[in-house]
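I have placed the structure first, in the form of structure tokens, so that the comments after it can refer back to it.
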Amino acid sequence: MTNNLVVYNTLSRKKEPFEPLNPPFVGMYVCGPTVYSDVHLGNCRTFVSFDLIYRYLTHLKYKVRYVRNITDAGHLEGDRDEGDDKFSKKARLEQIEPMEIVQRYTIGFHDVMRVFNTLPPNIEPTATGHIAEQIEMVKEILANDFAYEVNGTVYFDVEKYSKEHNYTILTNRNIDELIANSRDLGGQDEKKGRLDFALWIKAKPEHIMRWPSPWGWGFPGWHIECSAMSSKYLGDSFDIHGGGMDLAATHHTNEIAQSKACNHKEPAKYWLHTNMLTVNGTRMSKSAGNGFLPHELFTGNHPLLTRGFSPMTVRFFMLQAHYRSTLDFSNEALEASDKGFKRLMNACALLPKLKVSDKSDFDIQQIAQRCYDAMNDDFNSPVAIAELFEAARIINSVHDGKGGITQSDLDALNSLVNDFIYGVLGLKAETAQTDEIGPLIDFVINLRLQARASKDYATSDRIRNGLLELGIQLKDNKEGTSWSKL
Ligand SMILES: [Zn+2]
């Protein structure tokens, strides 16, 4: 299979021709969410970006195996193996089982992914479902002498590894500076080196999520799950590893070290990273108060939003920026995307009504070629969208009798819309919404029920009032919550 696709590889810091290890097969692993809270928009952007990549590779007739994990154990609050397990802490606060936390937020995550029209991955493995594989990998790394055990916890020996391999290969940082800048835990640390990280962590007596291992009862470190699950489902070497760019410096750096120390191979050929979200020019974060959740964006219930925006408008907005650029949320930008999305969809709706002529005044093949050129240039969706606006202009012109189009060009236009707007970009019309609004409102009702179950009545009221402003009235009764349009 030949094509001209080039991708930006974080590993080489340049664009490279995309040449899969075993064409037409492509193995792609993307780090999924840690399901201890609602998925935030930054994560949604990452998964929408990889959905675009997955859709385009599939469109190019690659047989893609897309693996995206669910982290449901082992993720500590601090990236340096300190603090509590995120699931246990939340479960303790709410006095429920950690797996109830996992279940609640996994369902919530899937709901949001569906609303954004992302295709499900082919395999969605969980950390808790692969404890045995992770233990085997830790045993192998110990046997290869790249790890050591202290009192029931196993650490990866970064210094030892660095003597034979380039530990910072992904981000090209200077390892001596990295050591100098990392925190010294004042002699309290049982690690040999400051950069060493835990592969397996001894469980404290009160820790609920624990498994037996050769080193006693414990749980896996966060990084080992992705090394174990990617090699299990995609092989020791595979094509694409993706995730948010905030994962490159620690999580992905440690993944590469683990996989090499275990399998003696470079795990992924291409490392792809998505950029972050900003709000009015400032980095989006919970602590800054500018980090809104998907449902807040859909309902407009956030002090920074003037109104709600539909999931397809938000998806379109995300795709209007290249995945490696920062994406800035502002009401003005969202309004512009809303207008643009509607313009595109209105033109698509006119397609079946177009009348053909004997000759064409437009070159559809050239637009299609430009769409391929854009997507082949590291999945440049904003450039492809600009070309699709040109297609929309042609549709409107023909419809208004300002130009003619032949049957074969009309067929080409139909293919262009189906392949790129509905297929690769994954957009869909939202105008005839009676069928689609139901699941969306059920989803929002579910979020409200979750808020009430957590005694977060402020959020619960915000959701009810926000829906009311949109003309949707909720009614709580014995059977649950029903809704009606005002
Ligand atoms: Zn990962």
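Residue indices begin at 1 and follow the sequence shown.
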**Asked** Under the ring pair (Phe, Tyr, Trp, His ring centres under 6.0 Å) test, which residues partner F316, sequence neighbours left out?
**Response** F341
**Message:** Using ring centroids (six-membered ring only for Trp), state whether Y36 and Y105 fall under 6.0 Å.
**Reply:** no
Counting only pairs under 3.5 Å, give me each side-chain donor-acceptor contact of residues 444-451, with atom names and distances, residues two or more places apart or in other chains.
from, atom 1, to, atom 2, distance (Å)
R448, NE, S460, O, 3.4
R448, NH1, D476, OD1, 3.2
R448, NH2, D476, OD2, 2.9

**Prompt:** Do any pairs count as a salt bridge (Lys or Arg N to Asp or Glu O under 4.0 Å) and have a residue in residues 270-280, sequence neighbours left out, and if so which ones?
**Reply:** none
**Item:** Where at least one partner belongs to residues 315-324, residue pairs that pass side chain to side chain donor-acceptor pair (under 3.5 Å), sequence neighbours excluded
**Value:** D51-R315, Q320-S337, Y323-D378, R324-D378
**Message:** For the aromatic rings, using the six-membered ring if either is Trp, is the centroid distance between H223 and H252 under 6.0 Å?
**Reply:** no
**Request:** With sequence neighbours left out, write down each residue that passes side-chain hydrogen bond (donor to acceptor under 3.5 Å, both in side chains) with K269, or none if nothing qualifies.
**Result:** none
**Prompt:** Taking the six-membered ring of Y457, is the NZ or CZ of R452 close enough (under 6.0 Å from the centre) and on axis enough (within 45°)?
**Reply:** no
**Partners passing ring pair (Phe, Tyr, Trp, His ring centres under 6.0 Å) against F156 (at least two apart in sequence or in another chain)** = Y161, F197
**Audit row: F443, F298, ring pair (Phe, Tyr, Trp, His ring centres under 6.0 Å) steps and yes/no** = CA-CA 11 Å; F443 167 56; F298 302 152; 7.1 Å; no
**Item:** Salt-bridge contact R370-D363 (side-chain N to carboxylate O under 4.0 Å)
**Value:** no
Let me have the donor-acceptor pairs involving side chains of residues 414-421, under 3.5 Å, with sequence neighbours excluded, atom names and distances please.
from, atom 1, to, atom 2, distance (Å)
N414, ND2, L410, O, 3.4
S415, OG, D411, O, 3.1
N418, ND2, N414, O, 3.2

**Request:** State which residues pass ring pair (Phe, Tyr, Trp, His ring centres under 6.0 Å) with F109; sequence neighbours excluded, sorted by chain then number.
**Result:** F47
**Request:** Only counting residues at least two apart or in another chain, list the ones meeting side-chain hydrogen bond (donor to acceptor under 3.5 Å, both in side chains) with K339.
**Result:** none
**Message:** Between D72 (side chain only) and A127 (backbone N and O only), is there a donor and an acceptor less than 3.5 Å apart?
**Reply:** yes
**Message:** According to side-chain hydrogen bond (donor to acceptor under 3.5 Å, both in side chains), who are the partners of Y233, at least two apart in sequence or on a separate chain?
**Reply:** H130
**Message:** Please enumerate all residues that pass ring pair (Phe, Tyr, Trp, His ring centres under 6.0 Å) together with H110, with sequence neighbours excluded.
**Reply:** none
**Prompt:** Can we say E469 and R307 salt-bridge, meaning some charged N sits less than 4.0 Å from an Asp/Glu carboxylate O?
**Reply:** no
**Those residues that, when tested against E255, pass side-chain hydrogen bond (donor to acceptor under 3.5 Å, both in side chains) (two or more places apart)** = H241, H251
**Centroid-centroid under 6.0 Å between H59 and Y372 rings** = yes
